[in-house]
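Here's the structure we're looking at; comments come further down.
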Amino acid sequence: MKPFTYQRALDAGDALAGVAAGRNAKFISGGTNLLDLMKLEIEQPAHLVDINRLPLDRIEDTGQGGLRIGAQVRNSTLAADPRIRSGYQVLAQALLSGASGQIRNKASTGGNLLQRTRCYYFYDRNMPCNKREPGSGCAALGGFNRMHAILGSSNACIAVHPSDMAVAMSVLDATVETTDIDGTARQIHIGDLHRLPGSTPHIETDLRYGEMITAVVLPPAKQGRQLYRKVRDRASYAFALVSVAAVVDMAGDTIAAARFALGGVAAKPWRSPEAEAFLQGKKPSAQVFEKAADAALANALGRGGNDFKIPLAKRTIQQVLAAVSQRG
Amino acid sequence: MTNSTPAFADGGKTHIGQPMDRVDGASKVTGRAIYAYEHQAEGHIAYGYILGAGIARGRIAAIDTAYAEKVPGVLHIMTHKNAPTQPAFGPAVTPTVRDVFTRARPMLSTDEIRYFDEPVALVVAETFETARGAAGLISVEYASEQGAYDLRGHLASAYAPQRTNAGFETDSLVGDFEAAFAASPVKVDAIYTTPYAHHNPMEPHATLAVWSGDAVTIYTSAQTLANFRAGMASTLQIPAEKVRIVSPFVGGGFGSKLIVHPDTVLAALAARELQRPVKIALTRQQMFANAGHRAKMIQSVRLSADREGRLTGIAHDVCSATSRFEEFCEQTAVFGRSLYAAPNRMTRHRLVKVDTNRGEWMRSPGEAPGMLAFECAMDELAAQIGMDPIELRIRNEPAIDPERNIPFSTRNLVECMQEGARRFGWEKRQARPGSVREGRTLVGLGMAAAIRPNYIGASEARVRIDGRGKVTVQLDMTDIGTGTYTILAQIAASSLGLPVAAIDVQLGDSNFPRTAGSGGSWGAASAGSAVHNACESLKQKIVASAREAVASPFYGLSNNRIDFVNAAIRAGGRSVRLADLMALVAPHGLDAQGAVEAAGDNYRNYSQHSYGAHFVEVAVDMDTAETRIRRMLSVIGAGRILNPKTARSQIIGGMIWGIGAALMEESVLDARHGHFLNHDLAEYHVPVSADVPDLNVIFLGEADPNANVLGSKGIGELGVCGAGAAIANAIFNATGARIRAFPVTLDKILPALPVHASLADGS
Ligand SMILES: Cc1cc2nc3c(=O)[nH]c(=O)nc-3n(C[C@H](O)[C@H](O)[C@H](O)COP(=O)(O)OP(=O)(O)OC[C@H]3O[C@@H](n4cnc5c(N)ncnc54)[C@H](O)[C@@H]3O)c2cc1C
Ligand code: SF4
């Protein structure tokens with residue numbers, strides 16, 4: 001770990017001034033990801049701005065039927081909130097499927113969205129990695145890439161974003177609220193927050209230097225059944241091989257609206273407008289679900305070790321759609 | 001005459017066999033138990049951080065420590081350029097089995113890199129953070145060489161070692177296997193692979209080294225103090241008497257703390273250099289390269305049988321990766337030399353050199369990977385001939401040890417299987433794979449046998465009773481979480497007729513009498529027998545004093561039997577509290593030594609093993625192939641159980657290792673760069689609580705008089721043996737997928753599951 005200076009910010013102005021002072025400052029929330037990366041010198045901030053004391057730890061009604069989740073709301077608090085548990089079960093389920101109880105007690109909403117990939121090679125400074133060291137190459141290509149992306153990857157990087165929470169927020173069409181270094185606020189649709197790697201895998205989000213996430217806004221609860229299904233190598237405390245967050249609203253025996261997002265398959269939560277459009281108005285059947293899954297995975301590309309994720313994702317989509325589109 | 005009846009026959013009035021809580025439990029949960037990194041020393045402790053190599057094979061072309069040296073608080077940087085002179089590492093194969101434990105293990109002594117993350121520098125600073133930060137400023141240039149990392153790719157270079165671990169014969173041959181196999185109407189010919197795996201004890205390897213003049217005290221986390229002492233004496237080139245090892249509590253070892261590792265050697269070297277106490281811990285990541293592992297293996301199992309399931313031939317060929325610079329041949333096929341009867345049999349061990357660190361002993365060396373393969377092959381045979389797997393095993397139950405031709409001491413494998421079948425509801429098993437379905441879940445049952453050799457190692461103990469009757473037991477044994485403190489207190493209390501609370505057991509200090517330590521599941525037998533014998537000898541001394549002291553109520557008493565019961569001594573109708581008697585006859589206390597010798601005639605004349613049978617129910621998701629254990633039962637025949645509570649913990653711990661081995665544990669070695677990729681506990685998966693539902697253990701009561709004075713047998717490793725195979729067999733029963741590459745992760749099962757068409761009309 002490199003030496004760094006530390007500042008505890010008490011309000012947003014304080015925090016933004018802290019990052020504005022240099023070019024190599026970072027916010028720290030729960031620290032469950034950032035500190036690990038700092039110990040390994042993958043992240044090397046010169047200055048840390050602790051934003052844990054900022055008054056961003058509430059879950060408030062938006063007034064338009066939705067919820068505004070402060071960036072400092074802990075994952076465990078969010079999962080336990082009665083409004084989340086009743087209107088947004090998919091989010092509560094996703095949160096509870098992530099990490100461990102202790103980590104969820106520390107992990108913040110903002111930090112969870114911005115956690116970095118678990119690619120083994122990214123974590124090992126002796127290995128080439130375009131994300132860690134642009135231009136050095138990608139050791140996961142041709143290496144052990146069982147956990148890696150099947151959608152939206154590039155030859156520069158095939159890493160996945162590991163968050164479960166973000167996948168549920170994606171299917172819920174959440175909006176991320178930020179404050180820029182000069183104090184301007186902006187709203188970003190969750191689907192636009194994370195970037196696909198292209199030729200610049202080190203640029204992972206749409207955020208600028210010093211831009212702080214202040215909240216995530218959930219629109220009014222969606223009609224229909226919700227489910228988060230995480231497929232993993234052990235029963236708990238493992239990152240998703242594939243996950244599916246789905247919300248399906250039935251009108252009698254036809255699908256009025258279907259939304260689903262995939263996790264563990266790309267550098268961002270993966271939505272498929274084609275598949276969702278296809279499902280609308282259809283009667284649930286094995287063939288319909290298979291076609292929807294095929295549509296979502298039409299451009300899927302395996303890299304060797306992760307080839308199995310394509311059939312796995314397909315089967316999981318089918319299983320989840322069947323579960324959430326039962327009549328009644 | 002004293003009451004010197006063997007402990008295994010002493011009936012009901014004993015603490016042995018009671019399910020006592022751990023005597024050290026309270027100190028552990030209240031944080032008073034001191035682990036290696038928590039020891040303090042007089043003087044200002046300095047902290048070390050090890051920088052590991054970024055290549056797996058080659059040389060250090062240049063190393064620049066200038067920036068790191070300038071960091072305030074850095075005290076010393078050790079590299080191959082300035083490290084103290086140490087003996088050369090020596091040959092890959094030591095002259096004797098024993099030398100592996102005692103050989104010098106020099107660190108930073110040459111510019112050669114033999115494995116990824118091998119120490120290339122040690123930074124010592126006022127704080128750990130300073131040391132680690134400065135280590136990041138050291139730049140190393142390597143002259144890298146092409147190494148060999150991939151076992152499968154180098155099979156052509158396989159060779160036969162001189163012996164396996166623990167000194168077993170490399171090969172065994174009885175009859176003519178090939179002819180029997182060729183002639184057989186029924187055969188199994190299957191290749192299994194078992195992966196690299198790591199012990200990952202909760203407590204990382206850590207050391208505090210403190211010099212005083214020419215002697216060093218090493219506070220560390222060690223299973224076997226005598227090995228550490230000898231290994232450090234060899235490395236530091238000082239007499240063993242100048243090395244003291246202290247390790248009162250060990251947060252798990254599993255075989256990874258039998259010999260010294262870089263933390264211990266480097267702390268001692270640096271502390272001597274700086275004339276200051278130095279503390280070093282390996283990080284979790286560093287433990288993957290620097291604290292031992294189980295090597296990857298390719299195992300061929302061939303079985304031939306008649307149509308009634310009688311084995312005509314057994315062949316188990318194991319090819320394992322081994323370190324190029326230090327050989328380790330796990331005795332993977334050895335258990336099979338005693339397990340089932342067959343007239344024609346063959347076991348062989350071969351090695352392929354790769355550029356990794358040396359493999360080490362990992363819980364159930366041999367049986368853990370070997371039975372994973374072999375007990376699946378037995379299941380394959382049962383499926384092929386349509387026979388119940390228990391019945392198949394019973395048909396091949398040997399009357400005597402089939403390769404040594406000597407009797408078994410006690411052997412109750414058949415009882416274990418039958419009792420387990422009854423309790424588990426085995427008769428409900430559907431022999432046809434894939435026939436039990438609950439919604440979108442396939443359910444299956446599986447079983448496997450367990451066998452594990454029983455050992456004893458030379459050990460000594462000292463016991464002292466003071467003038468007020470308080471008893472202290474001392475030996476350099478360790479409690480690695482197994483319950484040693486507790487069972488030794490039970491043994492001493494039983495022998496002396498005292499309550500357990502009256503016994504103070506002191507372990508983990510090489511100043512105490514030497515024992516065989518914790519390893520090979522022999523700790524309880526070895527240390528326990530030594531303590532028992534020391535107590536018996538102490539009783540004789542007490543009796544002698546009681547007869548000789550004029551003030552004694554037993555003065556002059558002869559020929560009468562004297563009993564030690566209920567904290568009193570009783571003879572000739574008189575009973576006196578031991579404490580009172582001691583005050584009268586030996587106010588300064590008495591002490592005695594006890595010893596037990598290494599395996600003798602009882603081990604030469606009897607084939608000694610502990611046994612078990614594992615039963616498992618698994619549920620496999622038909623869509624995703626996720627496998628979850630529903631319930632698991634192990635029935636254990638392991639001699640006399642000294643403490644059913646701590647014993648149960650040992651067995652369920654082993655069963656959980658079986659779950660890990662079957663379903664998830666695998667250290668992935670990058671075949672291009674030669675390093676373990678998933679080197680932390682987020683990525684190296686061991687079972688978590690949610691993976692471990694309903695586990696049940698039954699002990700068959702039995703004492704083995706040939707094993708030791710206590711009648712006990714080893715249990716620490718038995719739970720692992722075969723447990724993973726039972727799971728893989730249950731997966732086969734559930735799905736019809738026979739996965740021979742461990743661990744059985746979902747990607748391997750998935751292709752065998754039906755495609756999804758029937759889903760909507762399914763459940
Ligand atoms: C062993 C382990 C297992 C895990 N398993 C899972 C899992 O199964 N599923 C899963 O989803 N996650 C898992 N996680 C990841 C965990 O969810 C994240 O570490 C956590 O959510 C990060 O939150 P934090 O508050 O601790 O972030 P920090 O570590 O404090 O920060 C992470 C990043 O976000 C930035 N940041 C934080 N807050 C803000 C803000 N308000 N505005 C701008 N930038 C900000 C920081 O600068 C940093 O770059 C696991 C983690 C570990 C260690
Ligand atoms: S997949 Fe991405 S993160 Fe992983 S090594 Fe390649 S570039 Fe780095």
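In the text below, chain A, chain B and the rest are named by the order of the sequence lines, each starting its count at 1. The shown structure was predicted, so the numbers you read here are calculated from the model rather than taken from an experiment.
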Between B:Phe676 and B:His198, is a ring pair (Phe, Tyr, Trp, His ring centres under 6.0 Å) present by the stated rule, with each step listed? CA-CA 10 Å; B:Phe676 290 113; B:His198 281 82; 4.7 Å; yes
Can the positive tip of A:Lys282 be found less than 6.0 Å from the middle of the six-membered ring of A:Phe278, inside 45° of the ring normal? yes
Look at A:Lys309, A:Met127, A:Arg125 and state which one has the largest set of heavy-atom pairs under 4.5 Å with chain B. A:Met127
Could you check whether B:Asp355 and B:Tyr115, counting side-chain N and O atoms only, form a donor-acceptor pair closer than 3.5 Å? no
Examine whether an atom of A:Ala293 lies under 4.5 Å from a heavy atom of chain B, and if so say whether it belongs to the side chain, the backbone or both; otherwise answer neither. neither
Atom group of A:Arg118 that falls short of 4.5 Å from chain B, counting heavy atoms: both
In terms of heavy-atom proximity below 4.5 Å to chain A, should B:Ile629 be classed as side chain, backbone, both, or neither? neither
Take B:Asp694 and B:Arg630, measure what salt bridge (Lys or Arg N to Asp or Glu O under 4.0 Å) needs, and give me the verdict at the end. CA-CA 7 Å; B:Asp694 177 5; B:Arg630 282 191 170 173; over 6 Å; no
Identify which of B:Leu137, B:Leu677, B:Val668 forms the greatest number of heavy-atom pairs closer than 4.5 Å to chain A. B:Leu677
Given a strict heavy-atom distance threshold of 4.5 Å, which part of A:Asp124 is in contact with chain B: side chain, backbone, both, or neither? side chain
Turns out that what part of A:Lys39 lies under 4.5 Å from chain B's heavy atoms comes down to both
B:Tyr49 versus chain A, heavy atoms under 4.5 Å apart: side chain, backbone, both or neither? neither
Determine the option with the most heavy-atom pairs under 4.5 angstrom with chain A, choosing from B:Gln285, B:Glu129, B:His685, B:His675. B:His685
Tell me, please, whether A:Phe4 has A:Lys2 positioned over its six-membered ring: NZ or CZ under 6.0 Å from the ring centre and within 45 degrees of its axis? no
Quick one: of B:Gly54, B:Ala682, B:Ala53, who has the most non-hydrogen atom pairs under 4.5 Å with chain A? B:Gly54
May I ask you to check whether A:Gln319 and B:Asp621 show a side-chain donor-acceptor distance below 3.5 Å? yes
Under the salt bridge (charged side-chain N to carboxylate O under 4.0 Å, His left out) test against B:Glu626, which residue among A:Arg234, A:Lys230, A:Arg229 passes? A:Arg229
Cut-off 4.5 Å, heavy atoms of chain A, and the answer for B:Val686 is both
Plane angle bin for B:Tyr684 and B:Phe288 - parallel if under 30°, tilted between 30 and 60°, otherwise perpendicular: perpendicular
Chain A: which of B:His679, B:Arg628, B:Met664 shares the most heavy-atom pairs with it under 4.5 Å? B:Arg628
Please look at B:Asp670 and chain A and tell me whether the side chain, the backbone, both or neither of the residue comes under 4.5 angstrom of a heavy atom of that chain. side chain
